[in-house]
Amino acid sequence: MFIPSLVNGITMGSIYALMALGLSLVYGILRILDVANAGAYTLGAYVGVTVFRLTGSWWIALVAGAAVAASLGFILQRFFYVPILASGPIIPLIASIGVFTALEEAYRLIFGPYIIEFPARVPLPDIHVAGVPVRGVQLLIILVAVVVLVGTWYVLGHTRMGLAWRATAQDAEVAQAMGIDARRVTGWNFLLGYALAAVAGVLVSINYDAVYPTMGDMPAYKMLAIIVLGGLGNPLGTIAASLLIGLVETFVAAYVGFLLPRDSIAFVALIIILLVRPQGIFTRGAVAK
Amino acid sequence: MTLLEVDRLTVRFRGLTAVDGVSLAVAEGEFVAIIGPNGAGKTTLFNVIAGSLRPSAGEIRFAGRPVAGLGAARMSQLGVGRTFQVARPFGSLTVRENVRLAAGRHYLANPLAAWGRRGRDREVEARVAHLLAVTGLVGLADRRAADLNMGGLRRLEIARALALEPRLLLLDEPAAGLGVDGIRPLAELIRSLRSQHLTVLLVEHHVGFALSLCDRVVVLDQGKKIFEGTPEAVRRDERVITAYLGESGAGEGAMSGGD
């Protein structure tokens with residue numbers, strides 16, 4: 001039971017990391033919790049499955065899902081979030097829940113309330129790790145997550161764009177005085193965050209062979225728990241927290257599953273963390289502002 | 001040639017008029033100081049020129065073009081570099097990264113250009129190294145900016161503003177929070193900028209420090225310009241002495257104190 005749980009845990013953690021990273025980047029710059037980000041996860045899955053039926057190609061589906069979701073993210077921030085930012089953090093949070101609900105209803109109206117199959121075949125073979133079968137799509141999820149996460153780590157830490165992001169997250173006003181256009185950084189942030197969520201959505205729906213309107217419900221709220229665990233607005237901490245939650249969930253479900261349902265684990269961890277270490281597990285020093 | 005022209009500028013906050021019809025001009029290569037008692041509107045005027053505040057009325061022209069309300073990012077790209085009154089480093093970045101950030105602004109505008117421009121990267125790094133040397137921060141370059149002392153923070157503010165390669169340098173109370181020991185080397189640093197024909201607009205509460213550096217001084221009181229002239233003339237001006245007397249009761253003492 002150990003090896004399958006490990007593989008499943010890493011797969012889930014990879015998915016969480018893709019989704020939570022976008023959310024964490026957005027929080028870092030705008031200090032808002034964007035629940036509607038999970039709407040991009042579902043949108044990616046629907047666009048992906050539609051394109052897959054037209055083209056038969058999983059990777060065109062992946063790219064199309066990411067592109068459409070990125071456009072949605074850009075439009076939402078420019079015409080929706082940025083205009084209401086001045087009203088404090090609570091109003092954008094409530095508004096984002098409204099957007100998320102509206103998106104889910106839109107998917108239901110357009111695509112119907114039923115589960116749609118996503119029977120894509122990925123080019124990776126099913127393999128055996130220590131005698132345990134690992135499906136090709138799980139390998140693909142882990143591979144995509146590793147590439148994306150290493151890429152993000154590199155961009156944030158080693159490029160001027162990353163430097164601009166870190167500076168804007170820390171003090172947007174000073175960053176502007178240094179010639180950095182905070183609006184542009186914000187725009188890129190949402191493009192990237194929504195694209196990442198869509199990639200996760202496409203991969204998950206291939207993995208479970210299912211797309212449905214409410215598939216974003218669980219991720220929407222679980223991601224909030226994960227980015228708090230990772231230290232709000234701390235991208236690398238968020239990745240670590242995602243893997244941790246993915247693994248803990250899977251192991252608890254496998255070994256002591258009778259104790260509590262799997263989807264509650266992230267929230268139990270959230271409550272413990274808020275009591276014991278409110279700045280997040282992976283943030284050094286004092287509570288972030 | 002006039003580089004900066006402020007024309008009948010007014011800034012109101014909910015009925016309070018912080019800047020009231022102020023006009024001034026700064027010629028290329030000139031060093032102008034704005035002084036005045038607390039609440040005179042110095043910092044408000046400064047923030048409008050830097051682009052972070054929108055004026056209620058009036059116009060600002062920079063190198064001949066109207067710029068009022070363009071925003072701080074655009075102003076810094078046009079060539080206005082500023083420091084902040086309360087030093088605001090990016091604390092978790094190193095001193096070098098702080099300077100590099102400002103030095104790289106031209107291609108930060110396009111984040112995809114962040115890769116593969118080795119030639120430009122070297123050029124930027126050379127400029128960063130030069131600025132760290134000029135401002136005496138070389139030994140501290142790889143420390144976190146949050147660990148600098150007050151003097152170091154003041155120098156970092158100036159290094160960052162210079163990294164923008166500004167045509168106009170705006171210094172917002174660079175001596176604030178410094179003791180006599182810190183002020184002298186800072187004055188020397190600012191004087192050395194003068195010799196590079198940089199145009200500087202200095203806002204300063206510390207009168208002696210400002211007068212020892214500038215060519216021309218503008219005095220604000222309660223949002224209005226009450227004097228404009230040489231540092232020698234300002235010490236004898238009745239209105240200026242009265243304005244400072246009203247504030248501190250020190251009069252001549254306040255005007256001559258400092259450096």
Side-chain angles (χ1 to χ4, degrees), chain A residues 25 28-29 70 74 82 85-86 150-193 195 231-237 279-280 282-289, chain B residues 46-47 50-53 70-84 86-94 96-117 120-121 124 144-146 156-157 159-166 170 172:
Chain A
L25 290 175
I29 296 282
F74 188 82
V82 169
L85 269 183
V150 169
T152 305
W153 169 80
Y154 179 80
V155 168
L156 281 180
H158 298 270
T159 69
R160 283 172 211 281
M161 182 190 178
L163 196 56
W165 187 90
R166 286 184 285 152
T168 309
Q170 213 166 99
D171 191 333
E173 193 190 341
V174 176
Q176 300 221 39
M178 299 299 125
I180 295 164
D181 190 340
R183 264 172 42 127
R184 265 187 128 122
V185 175
T186 308
W188 277 102
N189 220 332
F190 270 83
L191 280 174
L192 190 67
L232 284 165
N234 172 357
L236 299 180
Q279 68 269 40
F282 303 103
T283 298
R284 263 167 289 159
V287 178
K289 56 181 164 172
Chain B
F46 188 91
N47 284 332
S52 45
L53 270 181
L70 279 187
R74 193 77 194 98
M75 288 308 284
S76 53
Q77 284 160 9
L78 285 174
V80 177
R82 73 167 291 181
T83 66
F84 286 85
V86 178
R88 284 165 73 174
F90 299 113
S92 70
L93 306 184
T94 65
R96 188 190 306 280
E97 282 176 323
N98 267 272
V99 180
R100 183 186 287 156
L101 186 74
R105 75 181 153 98
H106 292 295
Y107 51 112
L108 280 176
N110 177 5
L112 294 182
W115 291 275
R117 294 207 177 173
R120 284 207 72 167
D121 281 0
V124 169
R144 274 162 34 101
L156 177 57
E157 284 287 322
R160 283 200 308 198
L162 289 175
L164 290 161
E165 299 186 298
L170 300 175
D172 190 2

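Residue numbering restarts at 1 for every chain, and letters A, B, ... go by the order of the sequence lines.
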Is A:Ala175 close to chain B through its backbone or its side chain, or both, or neither, when contacts mean heavy atoms under 4.5 Å? both

Answer yes or no: are there more than 12 heavy-atom neighbours, outside A:Arg183 itself, under 6.0 Å from its atom CZ? no

Which heavy-atom pair separates [X] from [Y] by the least distance, and what is that distance?
{"X": "B:Phe90", "Y": "A:Asp171", "result": "CE2-O, 3.6 Å"}
{"X": "B:Leu164", "Y": "A:Ala177", "result": "CD1-O, 3.4 Å"}
{"X": "A:Val174", "Y": "B:Arg160", "result": "CG1-NH2, 3.5 Å"}
{"X": "B:Ala73", "Y": "A:Asp181", "result": "CB-CA, 4.0 Å"}

How many angstroms lie between atom [atom1] of [X] and atom [atom2] of [Y], to the nearest 0.5 angstrom?
{"X": "A:Gln176", "Y": "B:Ser76", "atom1": "CD", "atom2": "OG", "value": "8.0 Å"}
{"X": "B:Ser52", "Y": "A:Glu173", "atom1": "OG", "atom2": "CD", "value": "5.5 Å"}
{"X": "B:Leu93", "Y": "A:Leu163", "atom1": "CG", "atom2": "CG", "value": "6.0 Å"}

Checked B:Arg82, B:Glu97, B:Met75 vs chain A; the most non-hydrogen pairs under 4.5 Å come from B:Glu97

Given 3.5 Å as the limit, does a donor-acceptor pair link the side chain of A:Gln170 with the main chain of B:Gly91, or not? yes

